[in-house]
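Along the sequence shown, the residues carry numbers beginning at 1.
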Amino acid sequence: MNVITKITSLLLALALFQPSLWAQEKNFPFTYGEELNFEVSYGWFNLADAKMVIAKNPEKIEDKEHFKIDVYGKTKGAATIFGRVNDNWGTIWDKETKLPSRSYRHIEEGRYRKHEQVYFDHQEKKAVMELYDRENKNLEKVQEFVLPGSVQDIVSGFYYLRTLDLSKMNKGQSVNIKGFFDKEIYNIKLIYEGQEKIKTDLGEVDTYIFSPQIPKNKLFRGEYPVTVWVTQDQNKIPVKIKANLFLGSLNLDLKSAKGLRY
């Protein structure tokens with residue numbers, strides 16, 4: 001199940017965009033209290049539940065309003081035989097700059113534990129990572145990283161994607177993804193594949209399709225193994241993510257959505 005969790009994390013990381021690539025909308029397509037619930041499946045097996053939640057109230061940092069956004073992933077049913085997973089990724093995202101001020105991860109995978117806080121200073125182009133003990137009580141290590149400029153984290157990048165004017169993109173157009181996650185800078189090319197109407201638990205929806213180009217590795221099959229579908233309505237919510245593995249495919253499907261802005 002550690003592999004499944006790593007794949008799920010990477011799928012989220014693939015949504016990272018660097019700023020100023022496209023025209024941005026005046027208003028956010030999401031608001032406080034939004035909750036998106038997904039099911040993670042492999043073939044006929046339902047492996048886990050995942051949800052993306054925006055806190056009901058703003059987080060204040062130096063009198064600036066931030067969105068507090070959390071992503072949760074938890075194994076269920078027979079999948080727990082291979083090891084229980086109960087993970088939480090989060091971001092404190094500046095509404096004005098559309099950049100993360102802080103991110104955090106609380107990882108529980110079998111006996112493995114990891115608790116991490118990352119503080120971003122985009123002006124000074126650095127990130128400070130704090131690692132805590134398995135009970136998340138005592139600070140054990142502090143590391144500083146040089147950033148190439150403004151970056152998104154694994155969660156904030158997904159929401160930054162939704163603020164972009166996707167309707168102005170042309171099929172085949174690509175952008176370079178830039179983000180910071182797990183001590184690494186991500187630079188991945190994302191290809192816009194066009195539009196498609198798909199069936200979901202929310203009914204038939206019109207979507208934009210994206211395919212990230214991923215370097216050869218032992219998990220994924222092909223040069224463009226991942227596909228992401230985002231609704232064309234004002235909410236622009238991700239309704240499906242599919243990853244082609246060397247054996248079969250992993251799917252994240254939206255099951256319910258509440259607290260939507262539109």
Salt bridge (Lys or Arg N to Asp or Glu O under 4.0 Å) with K114: of D87, D182, D133, only one passes, and it is D182
Polar contact flag, side-chain donor to acceptor under 3.5 angstrom, Y186-E184: no
Tell me whether E204 at atom CD has more than 12 heavy atoms from other residues, nucleotides or ligands lying less than 6.0 Å away. yes
Hydrophobic cluster membership, L202 vs I209, 4.5 Å side-chain cutoff: yes
Interatomic spacing from CD in E196 to CH2 in W229 - rounded to 0.5 Å: 6.5 Å
How long is the straight-line distance from OG1 of T200 back to CD1 of I237, given to the nearest 0.5 Å? 8.0 Å
N46 and S41: which non-hydrogen atoms are nearest, and at how many Å? OD1-CB, 3.7 Å
Is K183 positioned over the aromatic face of F145, cation under 6.0 angstrom from the ring centre and no more than 45 degrees off axis? no
How many angstroms lie between atom OG1 of T227 and atom CG of N251, to the nearest 0.5 angstrom? 10.0 Å
For residues V155 and G90, report the shortest heavy-atom separation together with the two atoms involved. CG2-N, 4.1 Å
Distance-only polar pair, side chains of H122 and T97, donor-acceptor under 3.5 Å: no
Under the salt bridge (charged side-chain N to carboxylate O under 4.0 Å, His left out) criterion, do R162 and E34 qualify, and how do the steps go? CA-CA 13 Å; R162 294 172 62 189; E34 182 190 84; 2.9 Å; yes
Does NZ or CZ of K236 come closer than 6.0 Å to the centre of the six-membered ring of Y208, within 45° of the ring's axis? no
Could you tell me whether a side-chain N or O of R111 sits under 3.5 Å from a main-chain N or O of E108, the two making a donor and an acceptor? no
Can you tell me how far apart CH2 (W93) and OH (Y159) are? Round to the nearest 0.5 Å. 9.5 Å
Just wondering, do P100 and Q152 contact through their side chains at under 4.5 Å, heavy atoms? yes
Is there a side-chain contact between F181 and D153, using heavy atoms and a 4.5 Å cut-off? no
Using a cut-off of 6.0 Å, state whether more than 12 heavy atoms not belonging to K64 lie near its atom NZ. yes
Quick one: does E130's side chain get under 4.5 Å of E116's, heavy atoms only? no
Answer with yes or no whether the hydrophobic clustering places Y160 together with I61; edges join I, L, V, M, F, W, Y residues whose side-chain heavy atoms lie under 4.5 Å apart. no
Interatomic distance, F38 atom CZ to L254 atom CG [nearest 0.5 angstrom]: 4.5 Å
Any link between V53 and I154 through a network of hydrophobic side chains (Ile, Leu, Val, Met, Phe, Trp, Tyr) touching at under 4.5 Å? no
Honestly curious: do I107 and Y132 fall in one hydrophobic cluster under the side-chain, below-4.5 Å linking rule? no
Nearest 0.5 Å please: distance from the CG atom of D94 over to the CZ atom of R102. 13.0 Å
If the plane angle is over 60° it's perpendicular, under 30° parallel, otherwise tilted; pick one for H106 and Y104. tilted
Do W89 and Y119 sit in the same hydrophobic cluster, where Ile, Leu, Val, Met, Phe, Trp and Tyr count as joined when their side-chain heavy atoms come under 4.5 Å apart? no
With sequence neighbours left out, write down each residue that passes salt bridge (charged side-chain N to carboxylate O under 4.0 Å, His left out) with K255, or none if nothing qualifies. E39, D201
Are Q123 and D121 packed together at the side-chain level, in the sense that at least one heavy-atom pair is separated by less than 4.5 angstrom? yes
